[in-house]
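Below is one structure, written out as structure tokens, with a few remarks after it.
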Amino acid sequence: MLDIQLLRTDLEQIIHKLASRNYQFPVERFNQLEHDRKKIQTHTEALQAKRNAASKCIGQAKSKGEDASEILAEIASLGDALKTSENHLEQIQSELQAILYEVPNLPHDSVPEGNGEEDNQEIRRWGEIPEFNFAIMDHVSLGENLNMLDFETAAKLSGARFSLMKDNLARLHRALAQFMLDTHVQENGYTETYVPYLVNRNSLQGTGQLPKFEADLFAVTAGNNKTNPSEHHEHFYLIPTAEVPITNIVRDEIIPFKALPLKFVAHTPCFRSEAGSYGRDTRGLIRQHQFDKVELVHIVHPDESYAALEELVGNAEKILQKLKLPYRVMALCTGDMGFSAAKTYDIEVWLPAQKTYREISSCSNCEAFQARRMQVRFRNGNGKPVLLHTLNGSGLAIGRTLVAVLENFQNADGSVSIPEVLQPYMNGLDRLRTAGGK
RNA sequence: GGAGAGAUGGCCGAGUGGUCGAAGGCGCUCCCCUGCUAAGGGAGUAUAGGCACAAAACGCUUAUCGAGGGUUCGAAUCCCUCUCUCUCCGCCA
């Protein structure tokens, strides 16, 4: 959420910046509402002040045993006018609020301008792209040949965009998560967390998924009220990323200055409806309704957030370096960034079968955009509450990392070498082989 | 699932219709006092908005006592719904 003061004082500039990320700010409507708001709010508050003063007088009169009927008569007509005015004001403010909740963050000045993916800027590359002297397979063929990856059965259990892993591949998947968590906790200074996978609306509103992106989420209701979920009964949403529960840890908190920066990590499944992505990445593990991810979140002083972003990307890169997987870091352009981000780096890993780099991590500085929605603050030198900055990034998406390991470390015989750093998590195993070849 | 008790400021805790944004205490900040320390005395100490202003401070004003709604001239206090916490019973990984 943007600071409404900014919209009031510097609207032109903001409209321009939002346009760079393909967002048309509803200027006319906003100006109209603001104009009305000012008028109605002043009027409403004047009436309220009058009522409050009169009520106070009545109280005083009664406590002295005097007759208050004169004052009562005086404000008798006030009630209806006040009610009308209050209702009108509320209607205007909720419409303003709705606009505000749907406006994306402003891009940082260092973000390259552009319309879409093709305008993203490569920052650096790491690692050697492997060369194969045999016909390579993609991860689906590799996994199915190993008899460790089974999409047909997953479809029986749940449907499209689900997966079933077995045997050492399932274990390798677990090993990746453990390895990532351990690295971030032991070497990168993160606090490990275990968080809920079902969250309420407020949490999703805090990080920016709601109200705008409801269609991307899975919602669940308790069995006994699914036919008629009362508006009062909360229902839950499956988290689309651990960013939601982790970042909301600090919602409505004033963080002691000394505690900053906060750095949290969690390993969770993520659930996404993938509405609107029909036909994209239909094969394999790349795009699933359910996938695991290790997520990193920083809560930092506003002056530190861009340094923190570099640190965060570096922490995620370290995982790929340890796994010896080639990657590149991209600065997303204005048109390709997510809703809450002021600046985003994507890390893309090399996938030999696709002969391309694919996103495996997205690291964003949201500045105060989420903190404002969540009221996450610290006290400055004057003791005044000031919004903090929030950052989040994948460190890394586990399913996609598994894909990268399979494809990059495949051998001519269809086996897959296990990266050294993962072998301790695999009871020393150095290769995935078909069961028959064991 | 059943029975009951609760939710008040940074924390504890009083407050069952009126001068209550809220007693008292703790904590914190500043000042005074005493060689230092301890003790003591005094003052201050919620948040988010709006108006006005070039802007800040000040000022005026509104809202907020778990959340939402209602009754009332007036609600922390009464009524309804929801959420959460605690105790006991039942069930359960």
Side-chain angles (χ1 to χ4, degrees), chain A residues 1-10 30 33-97 99-101 194 196-206 210 220-225 228-237 245 248-259 368 371-388:
Chain A
M1 191 162 70
L2 299 182
D3 185 354
I4 194 163
Q5 302 296 350
L6 263 180
L7 289 167
R8 289 183 184 133
T9 56
D10 202 7
F30 177 79
L33 284 168
E34 256 300 285
H35 173 263
D36 291 351
R37 191 223 92 226
K38 202 169 196 167
K39 207 171 67 189
I40 306 290
Q41 182 164 4
T42 313
H43 183 237
T44 306
E45 290 188 357
L47 290 179
Q48 285 170 327
K50 199 167 165 188
R51 178 205 59 195
N52 290 347
S55 294
K56 206 164 196 170
C57 286
I58 294 170
Q60 282 167 348
K62 286 210 169 170
S63 71
K64 288 183 209 150
E66 294 168 7
D67 178 31
S69 58
E70 201 174 302
I71 313 168
L72 267 168
E74 211 174 287
I75 55 164
S77 59
L78 216 103
D80 284 347
L82 181 56
K83 197 108 218 157
T84 310
S85 195
E86 276 176 342
N87 288 343
H88 194 181
L89 179 63
E90 196 186 297
Q91 180 205 323
I92 291 167
Q93 288 197 311
S94 67
E95 197 171 335
L96 273 171
Q97 192 62 248
I99 290 177
L100 223 52
Y101 269 128
Y194 171 81
Y197 304 157
L198 296 172
V199 295
N200 56 32
R201 285 193 69 89
N202 279 345
S203 293
L204 288 153
Q205 188 147 299
L210 287 180
V220 297
T221 344
N224 57 9
N225 63 355
N228 183 23
S230 151
E231 279 181 35
H232 297 297
H233 282 89
E234 300 237 347
H235 68 193
F236 297 115
Y237 293 85
N248 275 280
I249 290 172
V250 293
R251 190 174 80 223
D252 294 320
E253 300 282 344
I254 294 179
I255 311 294
F257 183 81
K258 279 181 290 189
R372 186 170 294 111
R373 289 171 165 239
M374 292 190 292
Q375 288 298 299
V376 184
R377 296 162 294 170
F378 74 106
R379 288 191 191 277
N380 68 9
N382 301 322
K384 286 288 152 218
V386 176
L387 294 171
L388 287 162

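Order of the sequence lines fixes the chain letters, A, B, ..., with proteins taken first and strands second; residue numbering starts at 1 for each chain. Heavy-atom basis, side chains included; hydrogens, waters and symmetry copies ignored.
- Distance noted for atom C1' between B/U83 and B/A67: 7 Å (whole Å).
- Using Watson-Crick or G-U wobble geometry with both donor-acceptor distances under 3.5 Å, B/U71 finds no partner in any strand shown.
- B/C12 sits 30 Å from B/C31 when the P atoms are compared, rounded to a whole Å.
- When all heavy atoms of A/Arg251 and A/Met374 are compared, the closest pair comes out as CG-O, 3.4 Å.
- One P atom belongs to B/U8, the other to B/A23, and the distance between them is 16 Å to the nearest Å.
- For B/A46, neither phosphate oxygen OP1 nor OP2 lies less than 4.0 angstrom from any side-chain nitrogen or oxygen of A/Arg377.
- Considering only side-chain N and O atoms, A/Arg379 lies nowhere under 4.0 angstrom from the phosphate OP1 or OP2 of B/U45.
- Remark: B/C28 base-pairs with B/G44. Criterion, Watson-Crick or G-U wobble with two distances under 3.5 Å.
- Computed from coordinates, the A/Asn200 CG to B/A67 P distance equals 15 Å when rounded to whole Å.
- The separation of B/A5 from B/C58, taken at their P atoms, amounts to 46 Å, rounded to a whole angstrom.
- Comparing B/A7 with B/C60, their P atoms are spaced 34 Å from each other, to the whole Å.
- Between A/Arg37 atom CZ and B/U61 atom C1' there is a gap of 13 Å when expressed in whole angstrom units.
- Judged by distance alone, the side chain of A/Arg379 and the main-chain N or O of A/Phe257 form no donor-acceptor pair under 3.5 Å.
- Toward the 5′ end of RNA chain B lies the nearest nucleotide of A/Lys38, the other residue of the pair A/Ala49 and A/Lys38 mapping further downstream.
- Formation of a donor-acceptor pair under 3.5 Å by the A/Thr9 side chain with backbone atoms of A/Gln5 is found in this model.
- Remark: P of B/G49 and CE of A/Met1 are 9 Å apart, rounded to the nearest angstrom.
- Minimum heavy-atom separation, A/Leu47 to A/Leu78: O-CD2, 3.7 Å.
- Here B/U47 presents its C1' atom at 16 Å from CZ of A/Arg372, a figure rounded to the nearest Å.
- Counting to the nearest Å, the P atom of B/C84 and the CZ atom of A/Arg201 are 16 Å from each other.
- Between the CD atom of A/Gln375 and the C1' atom of B/G49 there is a distance of 11 Å, rounded to whole Å.
- Of the possible polar contacts, none joining the A/Asn380 side chain to the A/Val386 backbone as a donor-acceptor pair under 3.5 Å is found.
- Taking atom P in both B/G21 and B/U77, one finds a spacing of 13 Å when rounded to whole Å.
- Shown here, B/G35 forms no base pair; nothing in the strands shown gives a Watson-Crick or G-U wobble contact with both key distances under 3.5 Å.
- In this structure, A/Arg377 contributes its side chain and A/Lys384 its backbone to no donor-acceptor pair below 3.5 Å.
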Identify the pairs formed between an N or O of the protein and an N or O of nucleotides 73-80 of chain B at a distance under 3.5 Å, and give each distance.
from	atom 1	to	atom 2	distance (Å)
B/C73	O2'	A/Ser55	OG	3.2
B/G74	O4'	A/Ser55	OG	3.0

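- To the nearest angstrom, C1' of B/U47 lies 14 Å from CD of A/Glu253.
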Handout entry: Audit row: A/Gln41, A/Glu45, side chain to side chain contact (heavy atoms under 4.5 Å, CB included) steps and yes/no
Key = CA-CA 6 Å; A/Gln41 182 164 4; A/Glu45 290 188 357; 3.2 Å; yes
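- Atom C1' of B/A46 sits at a distance of 15 Å from the matching atom of B/G27, rounded to the whole Å.
- Taking atom C1' in both B/G41 and B/C33, the straight-line distance is 8 Å, to the nearest Å.
- With a cut-off of 3.5 Å on both pairing distances, B/A22 has no Watson-Crick or G-U wobble partner at all.
- Sequence order on RNA chain B of the closest nucleotides to A/Gln5 and A/Lys50 puts A/Gln5 first from the 5' end.
- For the pair A/Glu45 CD and B/U61 C1', the interatomic distance rounds to 6 Å; values are reported in whole Å.
- Summarising the base pairing, B/A52 is matched to no nucleotide, lacking a Watson-Crick or G-U wobble pair whose two defining distances lie under 3.5 Å.
- When every heavy atom of A/Ile75 is checked against every heavy atom of A/Ile58, the shortest pair comes out as CD1-CD1, 4.4 Å.
- Across all strands shown, A/Gln60 has heavy atoms under 4.0 Å from base atoms, whether or not it also approaches the sugar-phosphate.
- Salt bridge annotation for A/Arg37-A/Glu34: present, with a cationic side-chain nitrogen under 4.0 angstrom from a carboxylate oxygen.
- Across all strands shown, B/U16 has no partner, as no Watson-Crick or G-U wobble contact with both distances under 3.5 Å is found.
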